[in-house]
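Note sheet for the following structure.
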Amino acid sequence: MSPLPPAEQSAALDDDARPTTPHGPDTPHGPDTAKARAAVRGGAFAYFVDQFDIYLPIVVLAPATDYFQSARLSASTTALLASLVFASTLIGRPLGAIVFGHFADTVGRKRTTLVAVGGFGVITLLTACLPGHETIGTWSVGLLIALRFIDGIFLGGEYTTAVPLAMEWSPRRKRGLYASLITSTSPAAYAMIAALTLLLLQALPSTGLHSAYVQWGWRIPFLVGALLSALLFRYYLTQVHEPPPEYTGERHKLPLARLLTRYPKSLTQVFVLMTGTWLATNMEAAVTPGQLKEHLLLSSKQVTLTMLVINASAAVSYPLFGLLSQRIGRRRFYIGYGLSVTVVGAGSYALLMVSDGGLGTALGWGVMIGVFTVGTFGPIAAYLTERFPASVRSTGYGVGYSLALIAPAFYQFYLEQFNGVMPSHLAPAVLIALAGALIAFGGFLGPETRDVDMADDSTIPKLA
């Protein structure tokens, strides 16, 4: 690629101060620079809090399952209930995306974000106060699953509103980078939860129903999550502004109906790509900890440390993937990355599961798994908002992002279908390979979007 002429280099350097207008080139608009930065910071903070909240049960409650479940349950039933705690959150997210996406497109992005953030903050606080099986029996795990489902509705609403708001404020030439900085907070949040859990396990006894961690230590990360929600609410209330009207488009009474009738092919293409994305994510985030413990026989502390390394590696890779997608294009990136997931991601997982090198080997392969399973999220915030016009952008982003959650949420059922066909510790590698194929195919079906003008519906590309 030849270097930019001096005039274009100057324009690129000043891009933060040149928000896209509906017609014509970017023009200077100084006061909006601060608003744009506040929106991007808010999007990153919101995504971090969202992901912190959604992954709490996977990491924090893993050493405390005895608190919510009877010790007489079989290992398979215990695993099923644990998967339902996570799956219930995922299933609630599409409903939240539909409800909150509607209000984001009809009432406004900021106000809808505030309601969503306040909602999941309260639910997280209530979760921290739950009594255990000894006190209320099976109601304990039932209430946990129910609260996580409601939590998923509010979480689905939060990213449906906050992320499009941030992307609408972002300069076109930096959308890939800004999107990746926002989404990199997801593995960073997982790593923070893992680090906090590791610290608590070091400080508190965690063996037996009446140990300190099982009885009350697990509540601390949930209280931290509720506090983060309160800080996020205050930030949006005082710092973040609604995008200019030209970015949010003409408001329609039924944005979901408009999305389904006018943009069904775009939604279908996004659904394919995101189904692969969520399937790979569930294998990395939800299945790997159990396999590390049950098959590789790592201790709870070693599992937590390995998951910290996996997600820290992913967090570092996201900005690189965002920049790469800005350089070669979103379409080419997703085709190439999907193939990498199928070959490198699945291969690394399989090699980890057949190794016997202990913690060191797990950490080494963990880096490869972190980089080559969930990197789809790098530029995803930019790509999905570029795929839909302003008038249905929040609805399109939220539904496209969340609807694909449902099928991968039943990952435990799919894994059980491999029983008798292959060892259970290798089955996740097969699903990772399938996930990569779906990502690549979804990228192939879609158009190139990196040069889309967010304020001009006529520039939204059609399917390739």
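What you are looking at is a predicted structure, and each value in this text was computed from that prediction instead of being measured.
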Do Y349 and V287 have side chains that get closer than 4.5 Å, going by heavy atoms? yes
Throw together a table of side-chain donor-acceptor distances under 3.5 angstrom for residues 224-235, partners on residues two or more places apart or in other chains.
| from | atom 1 | to | atom 2 | distance (Å) |
| --- | --- | --- | --- | --- |
| S229 | OG | G225 | O | 3.0 |
| Y235 | OH | A38 | O | 3.0 |

Which atom pairs, one a donor and one an acceptor, fall under 3.5 Å between side chains of residues 127-143 and the rest of the protein, sequence neighbours left out?
| from | atom 1 | to | atom 2 | distance (Å) |
| --- | --- | --- | --- | --- |
| T127 | OG1 | I123 | O | 2.9 |
| E134 | OE2 | H210 | NE2 | 3.4 |
| S140 | OG | P131 | O | 2.8 |

Just jot down the side chain to side chain contact (heavy atoms under 4.5 Å, CB included) partners of Y414, sequence neighbours excluded, or say none. A407, F410, L431
Considering all heavy atoms, the nearest F222-V60 contact: CE1-CG1, 4.1 Å
Determine which pairs satisfy salt bridge (charged side-chain N to carboxylate O under 4.0 Å, His left out) with at least one residue from residues 272-293, sequence neighbours left out, and list them in order. none
Are any side-chain N or O atoms of R111 and backbone N or O atoms of V107, one a donor and one an acceptor, separated by less than 3.5 Å? yes
Of the non-hydrogen atoms in F372 and S340, which two are nearest, and what is the gap between them? CD2-CB, 3.9 Å
Checking the side chain of T304 only, and the main-chain atoms of A194 only, is there a donor and an acceptor separated by less than 3.5 Å? no
How close do V371 and Y337 get, heavy atom to heavy atom, and via which atoms? O-OH, 2.8 Å
Which residue pairs satisfy the ring pair (Phe, Tyr, Trp, His ring centres under 6.0 Å) criterion with at least one member in residues 281-300, sequence neighbours excluded? H295-H425
Given side chains that start at C-beta, do those of F120 and V49 come closer than 4.5 Å, heavy atoms only? yes
Quick check: do P319 and S184 have side-chain heavy atoms less than 4.5 Å from each other? yes
Within the 4.5 Å heavy-atom criterion, are R175 and V452 side-chain neighbours or not? yes
Taking T288 for its side chain and M283 for its backbone only, find out whether a donor-acceptor pair lies under 3.5 Å. yes
Show your reasoning for whether side-chain contact (heavy atoms from CB on, under 4.5 Å) applies to V99 and I153. CA-CA 9 Å; V99 173; I153 294 174; 5.7 Å; no
Report the residues that fulfil ring-ring contact (aromatic ring centres under 6.0 Å, His included) with F68, sequence neighbours left out, ordered by chain and then residue number. W218
Just checking, any donor-acceptor pair under 3.5 angstrom between side chains of S325 and R330? yes
Can any side-chain N or O of N311 pair as donor or acceptor with the backbone N or O of M307 at less than 3.5 Å? yes
L324: side chain to side chain contact (heavy atoms under 4.5 Å, CB included) partners, not counting sequence neighbours: I328, F333
So which pairs with a foot in residues 46-63 pass salt bridge (charged side-chain N to carboxylate O under 4.0 Å, His left out), sequence neighbours left out? D50-R93, D53-R148
Would you say that L292 contacts L352 through its side chain, given a criterion of any heavy-atom pair below 4.5 Å between the two side chains? yes
Which pairs count as salt bridge (charged side-chain N to carboxylate O under 4.0 Å, His left out) when at least one residue sits in residues 217-229, sequence neighbours excluded? none
Check A104 against T161 and note the closest heavy-atom contact, atom names and distance. CB-CG2, 3.4 Å
Cationic N near anionic O, under 4.0 Å, E168 to R393: yes
For the residue pair I369 and S348, what are the closest heavy atoms and their distance? CG1-CB, 4.0 Å
Heavy atoms only: give me the nearest E158-Y47 pair and the separation to one decimal. OE2-N, 4.0 Å
Within the distance-only criterion (no hydrogens, no angle test), does the side chain of W365 pair as donor or acceptor with the backbone N or O of A350 below 3.5 angstrom? no
D105 versus T395, side-chain donor and acceptor atoms under 3.5 Å: yes
For the residue pair L114 and L237, establish whether any side-chain heavy-atom pair is separated by less than 4.5 Å. yes
Could you pull out every donor-acceptor pair under 3.5 Å between side chains of residues 195-202 and any protein atom, sequence neighbours left out?
| from | atom 1 | to | atom 2 | distance (Å) |
| --- | --- | --- | --- | --- |
| T197 | OG1 | I193 | O | 2.8 |
| Q202 | OE1 | K301 | NZ | 2.9 |

Contacts of F377 that satisfy ring-ring contact (aromatic ring centres under 6.0 Å, His included) - sequence neighbours left out: W278
Quick check: does any side chain N or O of S394 sit under 3.5 Å from a backbone N or O of G101, one acting as donor and the other as acceptor? no
Please test L204 against S211 for side-chain contact (heavy atoms from CB on, under 4.5 Å), starting from the C-alpha separation and ending with a verdict. CA-CA 8 Å; L204 301 174; S211 63; over 6 Å; no
Residue pairs, two or more places apart or on separate chains, that pass side chain to side chain donor-acceptor pair (under 3.5 Å) and touch residues 185-196: Q51-S186
Stepwise side-chain contact (heavy atoms from CB on, under 4.5 Å) check, L259 with Y263: CA-CA 5 Å; L259 172 69; Y263 307 100; 4.2 Å; yes
Are L56 and L61 close enough that some pair of their side-chain heavy atoms sits under 4.5 Å apart? no
Begin from the C-alpha positions of Y318 and L181 and carry the test side-chain contact (heavy atoms from CB on, under 4.5 Å) through to its verdict. CA-CA 7 Å; Y318 278 19; L181 293 176; over 6 Å; no
Less than 4.5 Å apart, side chain to side chain, heavy atoms only: is that true for P171 and K174? yes
